[in-house]
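Data first, discussion second: the structure below is written as structure tokens.
In this text, all values refer to a predicted model and were calculated from it rather than measured experimentally.
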Protein chains: 4
Amino acid sequence: MPDIGGIAGERLRAFIERIERLEDEKRALAEDIKEVYAEAKGSGFDTKIMRQLIRIRRMDQDDVDEQETLLDLYKRAVGMVPDQAPESAAAD
Amino acid sequence: MPDIGGIAGERLRAFIERIERLEDEKRALAEDIKEVYAEAKGSGFDTKIMRQLIRIRRMDQDDVDEQETLLDLYKRAVGMVPDQAPESAAAD
Amino acid sequence: MPDIGGIAGERLRAFIERIERLEDEKRALAEDIKEVYAEAKGSGFDTKIMRQLIRIRRMDQDDVDEQETLLDLYKRAVGMVPDQAPESAAAD
Amino acid sequence: MPDIGGIAGERLRAFIERIERLEDEKRALAEDIKEVYAEAKGSGFDTKIMRQLIRIRRMDQDDVDEQETLLDLYKRAVGMVPDQAPESAAAD
DNA sequence: AACGTTGAAATAGTTC
DNA sequence: GAACTATTTCAACGTT
């Protein structure tokens, strides 16, 4: 670590302040997002479902499929078979 | 809930897209922050300590307000109500 | 509020301590749960999926269905139609 | 991942059930806590202030350790390394 | 009983 | 890839 208190102290402060400024902007954006959700809720939409939707859109489709497959597998392993049997497992 | 598929579908999409745009910006900011940390690290600074420092500064800032609230609460709990009377408890 | 500092202060303390004791036990239980997850992970299970599974088991089946329906509805409203069309929507 | 449907299915179920049992106990404890608050409220105490008090007591306790960590960190940040040398930074 | 607010749980990201 | 931290999500609570 460079000597703190000397010239390096100045550099450190500069870095810190740059980061803090960026974080402020990030926080402001988070606020905006919250407000949009609030507005959507005020219009009668279910924000929890909206969040799920956005998450799914963001995720890679392969990952979505993989998670679903795994969940399904686990469900069957513990005897929680969903409505339809995914690969005729219930038949035999 | 508004009828999906009709006009409400449009509104929902608009909300979703607004949020996604804001989240993109937020993600970009997070990238920027990461880069600043990388640069600081390249200059020999310990990013873990930097993160702690920033966290402390943020909390200290938050605490200024909160501590006052807490102190106020304490005072009320022991019956030492400060200047303004928060509730007309003393009246009757 | 009863007069603090007198006999009521004693009662308050008793309440506080009872609660704190219960919260300690609650925290201990949370620790235990975490450990079981860690053990399951060590055995090769995907804890994220396990959590989903447990959540689903806990939820009322009606709620599970309702959420899925709603998510599906929202998906279609924003043009994110899943693989199969739930009610022959893709046919025409 | 162990093969689902075989012996691993049993293990998974065992884990799930252990967790669910622990969560039941945890929920029961949460109930108890709620009841104590209700009783306190019935005795005329302000539960909001009680919650704050408990939160403060808990944080104060936690802070004892954390403040030391923080102080240590600060010292390192300004080059005032305490007793033990955390990393051989000065060596090379 | 809907609302916003807070606290806890879960997930994502970062560092080593 | 394991541990730690930060963020995000979810549930509980009191309030109106």
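Looking at residues two or more places apart in sequence or on another chain, you find no salt bridge (Lys or Arg N to Asp or Glu O under 4.0 Å) involving C:Arg55. Every residue was checked against the side chain to side chain contact (heavy atoms under 4.5 Å, CB included) condition with C:Thr69, not counting sequence neighbours, and none meets it. With sequence neighbours left out, the side-chain hydrogen bond (donor to acceptor under 3.5 Å, both in side chains) criterion links A:Glu68 to no other residue. Every residue meeting the side chain to side chain contact (heavy atoms under 4.5 Å, CB included) condition with A:Asp60, not counting sequence neighbours, appears here in chain and number order: A:Asp62, A:Asp63. Scored by the side chain to side chain contact (heavy atoms under 4.5 Å, CB included) test, B:Arg11 finds A:Glu39, A:Ser43, A:Phe45, B:Phe15 as partners (sequence neighbours excluded). Contacts of C:Arg27 classified as side chain to side chain contact (heavy atoms under 4.5 Å, CB included), with partners at least two apart in sequence or in another chain: C:Glu23, C:Asp24, D:Arg58.
Bounding nucleotides for the chain D contact on DNA chain F, 5' to 3', at a heavy-atom distance below 4.0 Å, are F:dC13 to F:dG14.
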Base-contact (B) and sugar-phosphate-only (S) positions in nucleotides 10-16 of chain E, heavy-atom cut-off under 4.0 Å, - elsewhere: SSS-SSS
Show me the donor-acceptor pairs, under 3.5 Å and distance only, between side chains in residues 31-38 of chain A and residues at least two apart or in other chains.
none

